[in-house]
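Everything numeric in this text was worked out from a predicted model, so none of it was measured. Below, chain A is the first sequence line, B the second, and so on; all start at residue 1.
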Amino acid sequence: MQDIIKRLVETSSPSGREENIQKIILEYIKPYVDDYHIDSLGNLIAHKKGNGKKLLFDAHADEIGFVATYIDDNGFIHIEPLGGHLPVNLPHQRIRFEYGTKGTIGYESEILMKQASDRKEVSFDTLFVDIGARTRNEALSKIRIGETATYDSSFVDMGNRYMSKAMDDRIACAILINVIQTLKSNHHDLYFVFATQEEVGLVGSKAAAYGIEPDYGIALDVTATGFRDTPKGAKRIPMKLGSGPAIKIQDRSMIADHRLNQWIQNIAEESHIPYQFEVLAFGGTNAGVIQTTKSGVITTCISIPTRYLHSASEVVDVFDVRHTAQLMKTIAEKEISI
Amino acid sequence: MFDWERVLKTITSLYGISGEELSVANWIQKEISPFVQKTYINTLGSLVAIKEGVGKIKGKLMISTHIDEIGFVVGAILDGGFLKVEPRGGVDPKILQAQECLVRSINGEMLPSVFSTVPPHLIKPEERNKVASYDTLILDTGLSEEDVKKRIRIGSPIVFKAPFISLLNNRFSSKTLDDRACATISIATIKELTKIYHEWDIYFVFSTQEEVGLKGAGTSAWEINPDVAIAMDVGFASQEGYVGLSLGEGPGLAVGPNFTPKIVKDIRDVAKNESIPLPIEPSARPGGTDAGAIQVSRGGVPTALISIPIKYMHTPIELLDLKDCKYTVRILTEYIKNLDTEYLEGLKWS
């Protein structure tokens, strides 16, 4: 599974440009599913037939990134975010453009000095990408306006933990690949959605769920950790690494169905799978749009606790990854009763 | 006679934060079942009651009021057993200090609790003007850490505990008038409809999860696929610093780009003919009511919004005037009388 994770997180495929990652995921799952298709928004939808009601598992395939909007007279590339970035975290990050050009995100001393009193000074207005071009023309020969970029960061095996860009949400993609490859039998008619454009507004998943019209929906995504994980972490966030998958109670996009949560809690306990609960003050997942599909879908989200979300160095714990895969497999094997 | 005070007092006393509305839906179901042809609770928990009309070619009118209330869930359990909370729906943390709440335990008991506050003696001069936030607020059950961990878990729901206050001159103050005052209006209207002849089928939706994104109304509208919809919610009455609707001077009828002109006009005409006060509530944007989600369901639904003026919205002391509720029942009933085959035909754009 580690090799799959490494390959997925190192693939560059931001929102709207998911072709690369979908190709790789398809390669891993093709022999194990009954059928699959890629829909008009680029979602990869795989199907494992079952006799029960329709159950949808969702992980998003896109990652956050950037898009080149303008090249100035100095040959600097100006960028806009694809998905949620905190600009203050970006200076001196290396990024890699779609067609291979690499650069570092720069800003100037004046901004650095103003930043001390106002963090908002560091913004996409003042940040730029230095690709080493001496002139605007040289930059123009390397970068096209509208070209996307992602963090230039590679997978690190830290022993019990993994670090990389794009753990959000490729770690969930890797878990679903593992479920597809190792699942022996499934009660429910099972749909796996590798969704596009989650980071820019839950776009792909909404369309995929509309097409599938599931009875139950479970999104698999990453979540933040707080004061139980690192001493000065947020007091409002109880999640921590190494305590197992988190069953979502609520975030800004969804109140999870408490009956489905109770059922998941019960089967986790029966199967001796560790779990924790998640209440998140910010953010949202595809579960939010799956839930309101057509006349409504009984929905929740299972989260993999992750440190340093949306950075080039997101950290997950192998214990959580393994148990999340086990939990998703157990869910898939059983009949949901609520 | 409809016993407004009994229904208002009971319905606002039920606990049902967004996503946990079943006890409210069950109570209403019992209250209205004898007066409608069919009731059911749908996937996201909304209660649907169908009052069938007698027409041959009949349309469907959906009347939506939401039954969820704002509240909180336990976000984290701190050392010492103190609770951090996260809001479910929009609650201004400034009003929470020293507020009494109930936490539903794992076993379903309602445990008393209070939000912490710093005694005036102990507030440092430089912190005098600071206001409470969810980062600073702590909910205290008075239980030991051990006891808290046995009875409460992350995600346990929390509701305001607040009395139902009968003010003078038929004004009432309570938690959850948003939007159970409107649910009460629906209940009263259902009973009123048993006395009149109406052609269309009227779908009363008691929707869930309005406060967290209009979820129950949107999914119910998709399922029902109505020809016309009227959402009812509370609107801002004039109070210090704001000029809006006036308590006791009639419900507001929203006018703006997101409300279908024909439906708005027809409701207005009904009020005019019956001499019922119905001030206009200008609404430049869709706003945060069920109307917003219903209007864009499927291929679109002609939608209107009626607002019951209240003061102190999203607090435990929301305040209304009963006159506005009674006016609304009359407006709805008179509007429903007009719905026939011709009305259905008239909805087509020409």
Side-chain angles (χ1 to χ4, degrees), chain A residues 53 202 206 209-210 213-217 223-229 231 233-240 243 246-262 265 275-284 287-300 338, chain B residues 17-22 41-46 48 68 71-79 82-90 104 106 133-138 152-158 207-225 293 296-298:
Chain A
K53 289 181 173 179
L202 321 179
K206 189 175 181 179
Y210 192 94
E213 207 173 335
D215 296 287
Y216 303 104
T223 191
T225 67
F227 73 110
R228 296 286 181 207
D229 193 47
K235 289 275 190 300
R236 292 167 66 179
I237 300 181
M239 294 78 77
K240 61 172 177 176
S243 290
I247 302 171
K248 172 106 65 191
I249 307 289
Q250 72 177 51
D251 59 26
R252 295 304 285 271
S253 73
M254 176 198 61
I255 310 296
D257 189 288
H258 60 88
R259 299 162 300 173
L260 182 56
N261 275 357
Q262 183 64 55
Q265 189 189 342
Y275 64 90
Q276 50 187 322
F277 289 112
E278 173 196 358
V279 172
L280 196 61
F282 53 86
V289 291
I290 295 169
Q291 185 181 42
T292 50
T293 299
K294 296 193 176 179
S295 58
V297 179
I298 294 168
T299 303
T300 191
I338 60 170
Chain B
I17 62 169
S18 307
E20 308 261 357
E21 304 91 342
L22 188 62
I41 291 174
N42 64 21
T43 310
L44 292 195
S46 299
V48 181
D68 59 324
F72 319 86
V73 294
V74 174
I77 299 171
L78 303 180
D79 295 341
F82 302 107
L83 305 173
K84 295 300 280 186
V85 308
E86 290 299 332
R88 205 171 259 192
R104 200 180 70 211
I106 295 165
S133 74
Y134 288 105
D135 289 324
T136 59
L137 283 164
I138 279 168
I152 294 170
R153 67 167 177 81
I154 289 161
S156 290
I158 301 161
S207 70
T208 54
Q209 299 197 41
E210 190 270 353
E211 300 289 0
V212 294
L214 322 178
K215 299 213 166 185
T219 49
S220 297
W222 200 93
E223 183 178 72
I224 293 164
N225 197 12
V296 294
S297 178
R298 299 203 189 210

message: Among B:Gln209, B:Lys215, B:Glu223, B:Glu20, which residue has the highest count of heavy-atom pairs closer than 4.5 Å to chain A?
response: B:Lys215

query: Are the charged groups of A:Arg228 and B:Asp79 less than 4.0 angstrom apart, N to O?
result: yes

field: Heavy-atom pair count under 4.5 Å with chain A, highest-scoring of B:Asp135, B:Asn42, B:Ile224, B:Val85
entry: B:Asp135

message: Does any backbone or side-chain atom of A:Thr299 lie under 4.5 Å from a heavy atom of chain B? Answer side chain, backbone, both or neither.
response: neither

- request: Please say whether the positively charged group of B:Lys84, taken as NZ for Lys or CZ for Arg, lies over the ring of B:Tyr134, i.e. under 6.0 angstrom from the six-membered ring centre and within 45 degrees of the axis.
  value: no

- prompt: Using non-hydrogen atoms only, which part of B:Arg153 is less than 4.5 Å away from chain A: side chain, backbone, both, or neither?
  reply: side chain

- prompt: Hey, are A:Lys294 and A:Glu213 close enough for a salt bridge, meaning a charged N less than 4.0 Å from a carboxylate O?
  reply: yes

message: Under 6.0 Å from the ring centre and within 45 degrees of the ring axis: does the NZ or CZ of A:Arg252 meet both conditions for the six-membered ring of A:Phe282?
response: no

- prompt: With chain B, which of A:Ala256, A:Gly226, A:Ser295, A:Ser253 has the greatest number of heavy-atom pairs at distances under 4.5 Å?
  reply: A:Ser295

- request: Determine, step by step, whether A:Asn261 and A:Thr300 satisfy the side-chain hydrogen bond (donor to acceptor under 3.5 Å, both in side chains) criterion, reporting the C-alpha distance in whole Å, the side-chain angles of both residues, the deciding distance to 0.1 Å, and the verdict.
  value: CA-CA 7 Å; A:Asn261 275 357; A:Thr300 191; 2.6 Å; yes

- prompt: Just by distance, do the side chain of B:Ser220 and the backbone of B:Gly216 share a donor-acceptor pair under 3.5 Å?
  reply: yes

- prompt: What part of A:Met254 is in contact with chain B, defined as an atom under 4.5 angstrom from a non-hydrogen atom: side chain, backbone, both or neither?
  reply: both

query: For A:Gln291, is it the side chain, the backbone, both or neither that has a heavy atom under 4.5 Å from a heavy atom of chain B?
result: both

message: I'd like to know if the side chain of A:Asp251 reaches the main chain of A:Val279, judged simply by a donor and an acceptor atom lying under 3.5 Å from each other, with no hydrogens or angles considered.
response: no

field: Residue among A:Met239, A:Gln276, A:Gln250 with most heavy-atom pairs under 4.5 Å to chain B
entry: A:Gln250

field: Closest-packed option against chain B by number of heavy-atom pairs under 4.5 Å, given A:Pro238, A:Ala234, A:Ala281
entry: A:Pro238

